[in-house]
Amino acid sequence: MRRRTLAVLLAISFPVLAGCGGTPVDGAAAAPASLPAPVPPSSSATTPAPSSSPPPSPSRTAPPATPTPPSTTPVRSCRTPEFTTSDADGGWSDGGYYVHNNMWNAAEAGPETLRACAYDNWYVDSVQPDSTSVKTYPNVHKDINNQNGKPFNDYSVIQSTFAGRGPGTGVYDVAYDLWLNGVGDGRGVSELMVWTENRKQVPAGDKLTTYTAAGFTYDVWADDEGYVAFVSRSTQYSGSVDLKAMIAWAIGKGLIPPNPTVNQIGYGIEFCSTGGGKARFTLSDFSVTMS
């Protein structure tokens, strides 16, 4: 979810943080490309305060994948919220996690209201116009060592459970967002995303190869600025993800430096467009286990 400058339709160049709707805005091919040369190790970057969230990474649009029924349908509901915010940077700490409205592109975003009963039980109503940018990334995340992180090799387990469902309309992706060697833009910082639901989005960079785990196949995308995205070919509304295995695989492919610090692990939805109407994302489970 990084800020970058991309070329937009009609050959007009101006800062665009992500593309949504129609063809990919930066014109990069979606065909498989060769894996880049291994990334050299880099030192941890200075990170912002724990209460802030990193800016989203650019995405480009494409036809949506055909959803497949989830193995378990989320059934929890948040009937009596403990926390409500319509603030662009509103957030709530609960149970060692931070629930964040994160309307990071507020200049282009429409209204959005987040209501939370717990860190693992909340929903957000969003109204976003049709335009070529990601507007918001409401999410829940866990900060590691106050975002200063700890070395990847210190962990034998980095596992997460999730249950989240997008509105099924508009343009969006539901995804994990992991920050390594820092949080947000900065020298040596890496971002690894895992998309569990996708509607008309394509990540930045090029599609390099595939990754298969727990019966799911992911297309792996990457750019040359430390961004890696695992995009599930089938929709996952709930389940568990072995994040350590994914990071280790990306290190082995030279997409991420060896033994990075793990600074933040989040899960939420990148809203690009809701077609001008109200759309709801519901989260009914989230946990991170690290040991």
Side-chain angles (χ1 to χ4, degrees), residues 1-2 4 28-45 47 54 57-59 65 141-145 147-162 173 175-196 198 202-234 236 239-267 287-291:
M1 300 184 311
R2 300 170 185 267
R4 296 190 183 97
S34 299
L35 288 171
V39 181
S42 56
S43 59
S44 301
T47 61
S57 65
S59 300
H141 60 258
K142 182 178 183 65
D143 292 320
I144 294 87
N145 191 25
Q147 292 194 0
N148 293 309
K150 291 185 178 180
F152 173 74
N153 290 347
D154 285 3
Y155 297 102
S156 58
V157 175
I158 306 177
Q159 188 91 13
S160 180
T161 64
F162 69 93
D173 61 86
Y176 279 90
D177 200 22
L178 281 66
W179 291 94
L180 311 170
N181 282 334
V183 176
D185 288 329
R187 183 179 180 182
V189 176
S190 294
E191 179 185 16
L192 187 150
M193 299 190 78
V194 182
W195 293 21
T196 57
N198 179 26
V202 175
D206 297 298
K207 184 168 66 174
L208 305 179
T209 184
T210 60
Y211 172 87
T212 300
F216 293 97
T217 298
Y218 301 81
D219 290 323
V220 181
W221 295 70
D223 66 11
D224 58 359
E225 298 182 42
Y227 175 82
V228 181
F230 292 73
V231 180
S232 181
R233 289 185 172 181
S234 56
Q236 302 179 52
S240 62
V241 181
D242 187 343
L243 297 173
K244 180 176 172 63
M246 286 182 160
I247 298 171
W249 182 91
I251 291 172
K253 295 295 183 182
L255 302 175
I256 291 174
N259 195 29
T261 57
V262 183
N263 299 71
Q264 187 181 86
I265 298 174
Y267 181 74
S287 69
V288 176
T289 300
M290 306 177 75
S291 63

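Since this is a predicted model, take the numbers as computed values, not measurements.
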Nearest-0.5 Å distance that lies between atom CD in Gln159 and atom CD1 in Ile265: 10.5 Å
Asn181 (side chain) donor-acceptor with Thr261 (main chain) under 3.5 angstrom: yes
Check: Asn145 side chain, Lys150 main-chain N or O, donor-acceptor pair, under 3.5 Å: no
Distance-only polar pair, side chains of Thr161 and Ser240, donor-acceptor under 3.5 Å: no
Non-hydrogen atoms of Tyr227 and Met193 that approach each other most closely: OH-SD, 3.5 Å
Gln147 side chain to Asn263 side chain, donor-acceptor N/O pair below 3.5 angstrom: no
For Met246 against Phe230, the heavy-atom pair lying closest together: O-CZ, 3.8 Å
Heavy-atom pair with the smallest gap, counting every atom of Val228 and Leu255: CG2-CB, 3.8 Å
Nearest heavy atoms of Trp221 and Ala204, plus distance in Å: CB-O, 4.0 Å
Partner of Met290 by side chain to side chain contact (heavy atoms under 4.5 Å, CB included), out of Val262, Val157, Asp154: Val262
Short side-chain to backbone donor-acceptor contact, Asp173 and Asn198, under 3.5 Å: no
Residue pair Ala222 / Leu208: nearest heavy atoms and the distance that separates them: CB-CD1, 3.6 Å
CD1 on Ile144 to CH2 on Trp179, rounded to 0.5 Å: 13.5 Å
Straight-line distance of Ile247 CD1 to Leu180 CG, nearest 0.5 Å: 5.0 Å
Short side-chain to backbone donor-acceptor contact, Asp177 and Gly266, under 3.5 Å: no
Which atom of Ser156 lies closest to which atom of Lys244, heavy atoms considered: O-CD, 3.3 Å
Tyr267 and Tyr176 aromatic ring geometry - parallel, tilted or perpendicular at 30°/60° bounds: tilted
Flag, side chain of Ser160 to backbone of Ser287, donor-acceptor distance under 3.5 Å: yes
Residues Tyr218, Trp249; criterion ring-ring contact (aromatic ring centres under 6.0 Å, His included); working and verdict: CA-CA 13 Å; Tyr218 301 81; Trp249 182 91; 10.0 Å; no
Lys142 side chain vs Val288 backbone, donor-acceptor pair below 3.5 Å: no
Criterion side chain to side chain contact (heavy atoms under 4.5 Å, CB included) on Ile251 and Phe152, from CA distance to verdict: CA-CA 11 Å; Ile251 291 172; Phe152 173 74; 3.9 Å; yes
